[in-house]
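What follows is a short report on a single structure.
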Amino acid sequence: MSFPLLTATAALPAIGAIATAAVPAARRTAAKWLALLFSLATLVLAGIALARFEPGGARYQLTESHAWIKDFGVRYELGVDGIGVALMALTALLIPFVILAGWHDADPLETKSSRWRPTQGFFALILMVEAMVILSFEATDVFLFYILFEAMLIPMYFLIGGFGDRAHTGSDENAAAQRSYAAVKFLLYNLVGGLIMLAAVIGLYVVAGTFSLSEIAEARANGSLSMATGTERWLFLGFFFAFAVKAPLWPLHTWLPNAMGEATSPVAVLITAVVDKVGTFAMLRFCLQLFPEASKWATPVIIVLALISIVYGALLAVGQRDIKRLIAYASISHFGFIILGIFAMTSQGQSGATLYMVNHGISTAALMLVAGFLITRRGSRLIADYGGVQKVAPVLAGTFLIGGLATLSLPGLAPFVSEFLVLVGTFSAYPAAGIVATTGIVLAALYVLVLYQRTMTGPVKAEVQGMADLKVRELVVVLPLIALLLFLGVYPKPLTEIVNPAVQHTMSDVQKKDPQPEVEAAK
């Protein structure tokens with residue numbers, strides 16, 4: 001039997017979570033290093049999986065299949081296509097930076113509301129989220145995916161509610177109440193979406209007699225599986241609703257600003273750069289592959305919702321006074337671009353959407369983590385409490401600027417390539433939608449540059465006067481992310497070669513071809 005690489009990649013952080021949680025309470029530093037070592041080992045395995053993946057090979061590679069619940073036809077089936085392996089690698093890449101950035105976020109506090117902040121639990125929960133997210137990108141059994149889709153909510157709930165941001169303007173009691181509200185809202189929204197998805201998962205089994213993606217695809221190919229139009233549409237809506245909550249898509253987005261605002265900055269990165277990608281990834285893997293006709297039927301409405309997300313998220317970002325909530329609303333706008341690219345159903349749009357998932361993860365991680373370092377120094381999330389930072393902490397200001405420019409998709413940085421492809425792919429199929437989506441670019445420039453101007457330029461405020469610049473640990477977190485943004489901005493080929501074959505498979509699933517440009521005959 002060949003080495004189960006995909007299982008090992010997901011199991012290693014789970015084992016690390018158990019080992020980290022078992023470290024004695026007094027050995028906090030040892031727990032941190034242990035969590036970091038397990039995350040780095042996971043990154044090595046993910047890198048091996050990425051290296052062994054053959055872009056021109058079978059659709060799903062490194063596959064594993066074992067019987068699990070025989071009476072219900074549930075199998076432990078794993079496999080990755082180009083999209084899945086890219087997102088798995090992104091997750092494994094970001095977690096070490098999340099751990100390093102949150103090195104002191106769970107240290108004990110003296111305030112009466114904190115009582116006890118178990119450092120071991122904080123890092124163990126991060127590793128457990130990593131394990132579940134990686135396995136969800138690998139799962140090719142619908143029921144297995146559903147279990148992971150729901151289970152990852154539990155550690156995220158405790159990370160948001162139990163380890164909130166220390167930079168809170170209100171009392172300790174008010175801060176605890178806000179954290180609890182954000183955590184419960186996150187959990188309830190996603191649980192409702194998951195319960196609706198569960199009904200659709202059961203319905204799919206009744207219709208198909210299996211949860212296996214490969215078996216369903218084979219049954220469709222040989223004509224032994226056919227769904228009534230109404231049945232397919234209802235099942236699609238059940239799956240899509242859950243994914244739209246996770247993504248998040250307007251109007252199911254309202255949990256995200258609360259969760260990102262109240263969580264620590266590394267946990268906020270975990271939410272938007274890692275966990276939320278499961279929603280958009282699942283739209284490609286499950287919605288389009290399982291329900292191609294229903295996906296085409298719902299496309300006009302979904303495109304409208306994506307456009308609202310783009311414009312609405314950007315407009316609210318412009319008006320924010322809280323740094324972290326601004327980044328949260330910017331992410332809502334960016335997820336609108338991703339969903340727009342997916343449902344434009346062109347190869348450029350879907351390639352751009354997949355690249356956007358990766359590039360948004362890197363750029364948002366860079367911006368949010370630097371913002372977290374800034375907030376930790378000043379003790380406030382309010383934009384108005386800053387000014388003149390670039391004069392006292394130029395490296396912090398410079399890295400913050402690069403992260404912001406990546407967020408607005410400046411040419412030469414990685415998100416530009418993906419956003420350009422999404423707009424080109426959308427415009428070729430839906431010109432009006434492409435035009436509306438470009439307003440998101442203008443608004444992004446507005447909220448990013450205004451944020452930088454108000455926090456980093458101008459007179460140096462008294463509270464900022466003694467602010468320290470980035471330290472070695474913080475530079476180790478930020479500089480590799482910036483290097484990746486620059487590298488993928490000028491040379492995206494390594495990513496496009498991996499994801500493009502998977503996109504062609506998805507286009508084949510929905511039986512769509514790229515629109516041909518209209519060329520007037522020469523007179």
Side-chain angles (χ1 to χ4, degrees), residues 101-102 104-105 111 164-172 174-175 178 257-258 260-266 268-269 272 313-333 363-410 413 441-475 477-479 481-482 485:
H104 299 297
D105 285 356
T111 58
D165 193 347
R166 298 175 178 180
H168 202 283
T169 54
S171 64
D172 292 337
N174 183 53
Q178 290 295 324
N258 296 102
M260 288 184 65
E262 297 304 323
T264 65
S265 293
V269 170
T272 190
L315 283 172
L316 264 65
V318 171
Q320 288 304 306
R321 297 181 297 172
D322 184 308
I323 296 174
K324 291 171 70 176
R325 289 179 70 89
L326 184 153
I327 298 173
Y329 280 109
S331 289
I332 292 170
S333 181
S363 62
T364 299
L367 181 61
M368 178 59 85
L369 293 178
V370 177
F373 299 148
L374 177 69
I375 292 167
T376 299
R377 283 161 167 74
R378 174 65 178 83
S380 173
R381 306 197 312 245
L382 298 179
I383 297 172
D385 288 341
Y386 295 87
V389 174
Q390 67 180 12
K391 296 178 182 177
V392 296
V395 178
L396 189 156
T399 53
F400 189 81
L401 178 61
I402 296 174
L405 293 177
T407 298
L408 65 81
S409 300
L410 184 77
L413 296 172
I441 302 175
V442 178
L443 293 171
L446 181 60
Y447 62 70
V448 168
L449 295 178
V450 168
L451 172 64
Y452 184 83
Q453 178 191 33
R454 292 178 178 175
T455 56
M456 302 295 166
T457 65
V460 180
K461 290 200 172 183
E463 297 83 358
V464 174
Q465 189 68 53
M467 182 176 289
D469 214 335
L470 293 183
K471 301 175 182 178
V472 174
R473 173 179 60 86
E474 296 164 335
L475 288 171
V477 171
V478 176
L479 293 183
L481 296 174
I482 290 176
L485 290 173

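The backbone N or O of Ala468 lies less than 3.5 Å from a partner atom in the side chain of Arg377, making a donor-acceptor pair. Side chain of Lys324 to backbone of Ala371: no donor-acceptor contact under 3.5 angstrom is found. Although no hydrogens or angles enter the test, the distance criterion places a donor-acceptor pair under 3.5 Å between the side chain of Thr407 and the main chain of Gly403. When atom types are taken as modelled, the side chain of Arg325 and the backbone of Gln320 share no donor-acceptor pair closer than 3.5 angstrom.
Atom OG1 of Thr376 and atom CD of Glu474 lie 8.0 Å apart (nearest 0.5 Å). Atom CG in Leu326 sits 5.5 Å away from atom CG in Leu451 (nearest 0.5 Å). With rounding to the nearest 0.5 angstrom, the CZ atom of Arg378 is 9.5 Å from the CG atom of Leu374. Interatomic distance, Met368 CE to Leu481 CG, rounded to the nearest 0.5 Å: 13.5 Å. Separation of atoms CD1 (Ile441) and CG (Leu446) is listed at 14.0 Å; rounding is to 0.5 Å. Once rounded to the nearest 0.5 Å, the distance linking CG of Leu410 with OG of Ser363 reads 12.0 Å.
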Given side chain to side chain contact (heavy atoms under 4.5 Å, CB included), test Val395 with Leu475 step by step and report yes or no.
CA-CA 9 Å; Val395 178; Leu475 288 171; 3.8 Å; yes
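Under the rule for a side chain to side chain donor-acceptor pair (under 3.5 Å), Thr399 has no partner lying at least two apart in sequence or in another chain.
Of all heavy-atom pairs between Leu369 and Pro266, the closest is CD2-CA, 4.0 Å. Between Val389 and Tyr386, the shortest heavy-atom distance links the atoms CG2-CD2, 4.2 Å. Nearest heavy atoms, Ile402 versus Leu413: O-CD1, 4.0 Å. The shortest heavy-atom contact between Ser380 and Asp385 is OG-OD2, 2.5 Å. For the pair Ala397 and Tyr452, the tightest heavy-atom approach, listed with the atom from each and the gap, is O-CE1, 3.5 Å. Closest non-hydrogen pair, Gly388 versus Val460, comes out as O-CG2, 3.6 Å.
Counted by atom type alone, Thr272 and Thr364 present zero donor-acceptor pairs between their side chains at under 3.5 Å.
Proximity of Asp105 to Ser265: side-chain heavy atoms (C-beta onward) are nowhere separated by under 4.5 Å.
Atom CZ of Arg454 has 12 or fewer heavy atoms from other residues, nucleotides or ligands within 6.0 Å. Open room surrounds CZ on Arg321; 12 or fewer heavy atoms of other groups in view lie less than 6.0 Å from it.
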